Structures are given as C-alpha cells and as structure tokens.
Amino acid sequence: MSEQLNTMNEQLITAGEAAEVLNTTLEDIPSNKCITRAEFEQLAGIVELTVVPTPSDATVKLNGNVAKSIKVQKGTKVTIEVSKETYQTHTETVTVNENMTKNITLSQVPDGAYRPTDAPNGVYIISTDGFAYERSVWKTSDNSKAVGVGVKTTKCSFVIAPVEQTSIQWGGYGTLINGCTTTTNSDTAKTDYKGKQNTDAIIAQLGVYAAMASSLEMNEIISNATAQSLSMPNTLPINDEVISDEQYQLLMNKQQSGETLTETEIQQINIYRNNQIKVQFKEKYNIQSDVVLDLVISEIRLQFKTMINAQQEIMTLPELETSTTFPINSNDVDNISDEGIMLLASSSSSSEQYAANYCRNYTFKNGKQGYQPALGELYEAYQNKSEVDACMSLIGGKPLYDGSISNYRKWSSTQYDSTNAWYLDWDDGNITYTTKNDSYDNDCARPFAAFQ
C-alpha cells in the first residue's frame with residue numbers, strides 16, 4: 001500500500017486514476033471526478049495513528065522507527081514505544097482500525113528507584129509499577145505492590161519470588177534431562193545462569209513421562225497381577241548381584257561420554273535400574289509379594305512401550321551438542337520406557353509436583369512467569385545474602401532461611417547426572433548435590449523470574 005500512496009502526490013487525481021492505482025472499481029464515483037489525497041486514502045483503507053507523549057519531548061517509536069504518527073492499512077498492528085531518561089518506558093501494541101490519537105503519559109522514576117534496564121548492579125525491591133527500588137526508599141505501605149527481590153550482577157540478573165515450596169523433589173530420578181546444563185564439576189555448575197532454559201527442558205521431558213503415567217490404571221494393574229500370581233510359584237529365582245550407586249553412576253558417565261559399554265556393563269545397568277524400580281514400587285504401592293511386583297512392573301513397561309511405539313513416527317529426542325532433534329528409533333523405546341517407570345516409581349503420585357513445575361506455575365505480580373534458578377543464579381544471589389534477606393523481610397516475603405523450619409536447601413535446575421542435581425544451602429552457602437527424589441522439609445523450590 002505504501003507504493004500506492006507514493007504514486008499519488010498532493011495534487012488532485014481523477015477517481016478513474018485512483019481506481020487504476022487501487023486495482024478496483026469505484027462504482028459510486030464518476031471516473032472523471034477529482035479526489036483529494038485524503039479521499040484517496042479513505043478509499044484505500046488507509047488510517048493514521050498519532051501518539052501524543054507527555055512529556056512532549058519523549059522519544060516515540062512506531063514499529064521501531066522514530067515517529068509520532070504513522071499511516072497504515074486498516075487492521076494493522078503497530079507497536080508503540082515511548083521513552084525518556086528518568087521516566088519509565090511505555091510499550092504497547094495496538095490494532096489501528098480507524099484514525100486514532102493516543103495520549104501517553106510517562107511515569108517519572110521516583111527518587112531511589114530505577115528503570116530495570118538502567119539500574120546499576122545491586123539488590124532491589126521490584127514493584128508492579130515497573131521500577132526497581134532501593135531498600136532505603138521502599139515504603140512498607142506499598143508491600144501489596146512488591147513483586148519480589150531483584151538482583152543484578154555483572155554475570156546475571158533475576159527476581160526472587162517472595163514464596164517457595166518446601167518438601168519438594170527435583171523430579172525425574174534416573175532420568176537424564178536433555179538440553180539441561182549437566183556437570184559433575186562444582187566450579188562449572190556455579191557458572192550456569194541458564195535457569196529458564198533448564199526449566200523449559202525439564203518440564204518438556206518430564207511432562208511426557210507424567211502424561212504416560214497419568215494414563216495408567218494402577219489399581220486395575222495391581223489387582224490383575226495379584227490374581228495372576230495365584231497360579232504362579234510363590235518364590236522367584238535369586239536376583240543377580242546389584243552394583244553400587246557409585247558403580248552405576250560411573251557406567252552412566254561412561255555411556256553419556258559416548259564410550260561403548262560391554263554386554264556385562266549393559267546388563268549391570270539394567271539390573272540396577274530394575275532393582276531401584278522394585279524397591280520404590282514396593283514401598284509406594286505397598287506390594288508385599290515379589291511375584292506380584294514383577295508382574296506389575298512388566299505390565300507397566302508393556303503399556304509404556306505400546307504408548308511410545310504408537311507415537312514413534314512423530315516423537316523426537318534432542319541432540320545435546322547441536323540442540324537439534326532426531327526421530328527416535330526402536331533402540332530408544334526401552335530407555336524411554338524405563339525412564340518413565342523410574343519417574344513413576346520415585347514420585348508419590350503420577351501428578352506429583354516437582355521443583356521445575358512448581359516454579360513454572362508461579363506467576364509474579366507483574367505477570368512474569370517463574371522458572372527454577374540455575375546454580376549460578378543461586379550462587380550470585382547468595383553473594384548478596386544479607387541485602388537479599390533484608391529486602392525479603394521488608395516486603396513480608398518468606399525468608400530464604402528460617403531456622404524453625406530449616407528451609408535452607410534450594411534446588412537449582414542444574415543437573416549433576418541422571419540421579420542427582422545441584423543445590424545451594426542458604427544458611428551457609430554450601431554447594432553440593434543430592435538425589436533428585438529427595439523431598440525432605442529442607443528441600444525447597446524458590447521461583448525466579450527475569451529482571452525487567
């Protein structure tokens with residue numbers, strides 16, 4: 001349409017010429033009648049958006065270009081940005097269906113507050129008005145507007161929620177989350193600032209297993225297995241020797257590094273996994289008979305494989321090095337099935353909340369979606385512990401460490417391996433890892449969000 005406008009100068013043209021430019025028929029206007037540019041634009045469906053800023057010298061950008069007015073085709077969306085130093089930037093998108101004028105008044109940044117983009121490194125109280133406030137100027141009467149505590153360093157920036165969930169597991173015990181930062185080196189783990197990316201990967205992978213688990217009729221499976229066991233021997237052959245947790249992890253590290261495992265090593269991994277599943281299933285579902293237990297696990301494995309095979313042509317798995325995906329093949333089916341069973345066995349229910357899911361489901365007061373912080377982000381927060389604690393207390397947020405409930409262990413989204421994940425102790429700054437299915441009183445998930 002801009003080309004059509006450019007073909008018409010300010011001088012009058014006939015309706016016939018206008019119809020030719022617009023490639024249309026103007027039935028109600030004689031072809032020899034002269035029309036103005038405004039009439040031409042009306043015929044062409046051209047409308048104008050004008051922005052009037054306060055203060056008047058604020059910079060206005062329309063669709064990224066500095067301008068206070070723009071002519072577009074009716075129904076076009078236009079992004080408006082109005083900014084000025086020491087004022088809060090205003091951004092919105094409008095659909096222009098008619099000539100319209102928008103009056104936009106910017107809020108001046110209060111003393112002791114900053115626009116998030118302009119804030120120097122430090123700790124702030126983030127408000128729903130969009131500003132980051134220094135603790136010294138924050139008024140407790142505004143606590144209803146407190147979004148959380150913001151931290152900005154040379155390495156990362158984020159907002160810490162004023163709430164958390166205690167007694168929660170990391171989730172996915174026995175499952176290596178693809179696309180999630182994974183390292184056994186604490187120094188490397190402390191440089192992971194990809195909390196949102198990690199959270200996306202965790203939820204994407206564990207969500208598949210949770211969906212599979214939710215489709216199982218466990219009571220029916222256990223009942224059928226119990227009935228079937230009545231016609232079977234009461235004892236099972238003696239199990240093969242189970243390797244230790246340390247030996248299992250060494251084999252997993254070897255496999256994940258791309259080394260080829262021997263048949264014996266593959267068998268050792270399978271025996272270990274089966275034993276872990278049996279131990280947890282027996283406790284979770286109170287199954288006393290080993291015969292029934294074996295029948296239950298066999299049926300679940302069969303149903304999982306059936307589900308996976310039904311979707312095999314459209315399922316993909318991520319490739320760690322290139323972040324691309326590739327279709328699963330028959331060799332992947334057993335691994336996906338076993339990981340799903342281990343996740344089901346390690347959770348108290350098929351829909352149990354896990355750290356990443358809790359954080360993602362938390363919405364901050366400014367509308368930002370939460371994520372599970374990476375270890376590097378938790379570490380940066382702890383470097384500012386005293387000020388973070390003071391700000392959290394001032395806004396009435398839940399303390400990051402309360403000695404009466406010992407909520408000191410903060411799950412990070414940084415993965416150690418398939419069975420462990422990194423955490424930070426808020427009471428003393430200790431960094432270590434533990435099993436993903438730990439859900440003691442001190443195991444906590446504290447949502448973070450983008451600092452903006």
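In this text the structure is predicted, and so the values were computed from the model without any measurement.
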Can you confirm whether Val82 sits close enough to Thr89 that some side-chain heavy atom of one is under 4.5 Å from a side-chain heavy atom of the other? no
Does atom CG (Asp111) have a neighbourhood of more than 12 heavy atoms from anything else shown, all under 6.0 Å? no
Can Arg446 and Asn407 be counted as having a side-chain donor-acceptor contact under 3.5 angstrom? no
Between Gln372 and Lys196, is the side chain to side chain donor-acceptor pair (under 3.5 Å) condition met? List the steps. CA-CA 7 Å; Gln372 184 180 353; Lys196 184 180 181 303; over 6 Å; no
Assess whether side-chain contact (heavy atoms from CB on, under 4.5 Å) is satisfied between Tyr193 and Glu380, documenting all intermediate values. CA-CA 9 Å; Tyr193 311 111; Glu380 287 297 299; 4.1 Å; yes
is_close_aromatic(Phe158, Phe448), centroid dist under 6.0 Å: yes
Is there a donor-acceptor contact under 3.5 Å linking the side chains of Tyr371 and Glu377? yes
Verify side-chain contact (heavy atoms from CB on, under 4.5 Å) between Leu251 and Ile243, making sure each step is shown before the conclusion. CA-CA 10 Å; Leu251 290 178; Ile243 59 177; 3.8 Å; yes
Using a distance-only test with no angle check, is there a side-chain donor-acceptor pair under 3.5 angstrom linking Gln303 and Glu299? yes
Under a 3.5 Å cutoff, is there a donor and acceptor pairing between the side chains of Ser167 and Asp441? yes
Compute whether any side-chain donor of one residue and acceptor of the other, for Ser413 and Thr199, lie under 3.5 angstrom apart. no
For Lys155, does its backbone N or O pair with a side-chain atom of Thr153 as donor and acceptor, under 3.5 Å? yes
Is a side-chain donor-acceptor pair under 3.5 Å present for Asp192 with Thr414? yes
Is the backbone N or O of Gly130 less than 3.5 Å from a side-chain atom of Ser127, with the two atoms forming a donor-acceptor pair by type? no
Using only atom types and a distance under 3.5 Å, with no angle test, would you say the side chain of Gln415 pairs donor to acceptor with the backbone of Thr181? no
Cationic tip of Lys190 within the cone over Tyr379's six-membered ring, i.e. under 6.0 Å and within 45° of the normal? yes
Scanning both residues in full, the closest heavy-atom pair of Ala58 with Leu106 reads CB-CD1, 4.0 Å
Test side-chain contact (heavy atoms from CB on, under 4.5 Å) on Tyr382 and Lys385; report intermediate values, then the result. CA-CA 5 Å; Tyr382 186 80; Lys385 181 182 186 305; 3.2 Å; yes
Mind checking whether Arg115 and Val109 have side chains closer than 4.5 Å, heavy atoms only? yes
Can you see whether Gln247 engages Ser244 through a side-chain donor-acceptor pair at a distance of less than 3.5 angstrom? yes
Considering all heavy atoms, the nearest Cys444-Thr166 contact: SG-CG2, 3.7 Å
Okay, side chain of Ser231, backbone of Gln228: is any donor-acceptor separation there less than 3.5 Å? yes
Taking Arg409 first and then Asp438, would you say they form a salt bridge - that is, a charged N and a carboxylate O separated by under 4.0 Å? yes
How close do Cys180 and Ala201 get, heavy atom to heavy atom, and via which atoms? N-CB, 4.0 Å
Donor-acceptor contact present, side-chain Asn275 to main-chain Val242, <3.5 Å: no
Count the heavy atoms belonging to other residues, nucleotides or ligands that lie under 6.0 Å from CG of Asn185, then report whether that count exceeds 12. yes
Please name the pair of heavy atoms, one in Tyr362 and one in Pro162, separated by the smallest distance, quoted to 0.1 Å. OH-CD, 3.6 Å
Just wondering, more than 12 heavy atoms not from Lys152 lying within 6.0 Å of its NZ? yes
Give, for atom CG of Leu176 and atom OG of Ser418, the distance between the pair rounded to the nearest 0.5 Å. 6.0 Å
Dump the intermediate steps for ring-ring contact (aromatic ring centres under 6.0 Å, His included) on Phe131 and Tyr114, then the final yes or no. CA-CA 6 Å; Phe131 298 128; Tyr114 302 88; 10.0 Å; no
Residue pair Lys84 / Gln108, side-chain donor-acceptor N/O under 3.5 Å: no
Within a strict 4.5 Å, meaning less than it, do heavy atoms of the Asn121 and Thr154 side chains meet? yes
Where do Asn219 and Glu217 land on the side chain to side chain donor-acceptor pair (under 3.5 Å) test, with the steps shown first? CA-CA 6 Å; Asn219 290 336; Glu217 296 292 342; over 6 Å; no
Taking the six-membered ring for Trp and the full ring for Phe, Tyr or His, determine whether the centres of Trp426 and Tyr408 are under 6.0 Å apart. no
For Tyr248 together with Tyr272, are the ring centres under 6.0 Å from each other? yes
Do Val151 and Val388 have side-chain heavy atoms sitting under 4.5 Å apart? yes
For Ile168, does its backbone N or O pair with a side-chain atom of Tyr358 as donor and acceptor, under 3.5 Å? no
Among Thr434, Thr435, Ile177, side chain to side chain contact (heavy atoms under 4.5 Å, CB included) partner for Trp170: Ile177
Quick one: does Asn198's side chain have a donor or acceptor within less than 3.5 Å of a partner on Lys194's backbone? yes
Is the closest side-chain donor-acceptor distance between Gln88 and His90 under 3.5 Å? no
Inspect the surroundings of NZ in Lys365 and state if more than 12 heavy atoms from other residues, nucleotides or ligands are less than 6.0 Å away. yes
Got a second to check how far Thr226's OG1 is from Ile221's CD1, nearest 0.5 Å? 11.5 Å
Residue pair Asp417 / Thr419, side-chain donor-acceptor N/O under 3.5 Å: yes
If we ignore hydrogens and angles and just use 3.5 Å, is the side chain of Thr306 paired with the main-chain N or O of Leu302 as donor and acceptor? yes
Any donor-acceptor pair under 3.5 Å linking the side-chain atoms of Thr140 with those of Asn143? no
Restricting to non-hydrogen atoms, name the atom on Ile203 and the atom on Tyr354 that form the minimum distance, rounded to 0.1 Å. CA-OH, 3.8 Å
Using 4.0 Å as the upper bound for N to carboxylate O, is an ion pair formed by Lys410 and Glu164? yes
Can you tell me how far the OG atom of Ser229 sits from the CG atom of Leu293, to the nearest 0.5 Å? 11.5 Å
In the structure I gave you, are the side-chain heavy atoms of Ile70 and Asn63 within less than 4.5 Å of one another anywhere? yes
Main-chain N/O of Thr262 paired with Glu265 side-chain donor or acceptor, under 3.5 Å: yes
May I ask you to decide whether Asp129 forms a salt bridge with Lys145, counting only side-chain N to carboxylate O separations under 4.0 Å? no
If I compare all heavy atoms of Lys68 with all of Leu62, which pair ends up nearest, and what's the gap? C-CD1, 3.8 Å
Go through the steps to decide whether Lys77 and Val96 satisfy the test side-chain contact (heavy atoms from CB on, under 4.5 Å), and finish with yes or no. CA-CA 6 Å; Lys77 290 185 177 181; Val96 187; over 6 Å; no
Rounded to the nearest 0.5 Å, how far apart are CD of Gln73 and CG of Asn97? 11.0 Å
Taking the inter-plane angle between the rings of Trp422 and Tyr433 on a 0 to 90° scale, is it parallel (under 30°), tilted (30 to 60°) or perpendicular (over 60°)? perpendicular
With side chains defined as the heavy atoms from C-beta onward, is the minimum distance between Asp290 and Lys282 less than 4.5 Å? yes
If we ignore hydrogens and angles and just use 3.5 Å, is the side chain of Asn361 paired with the main-chain N or O of Asn357 as donor and acceptor? yes
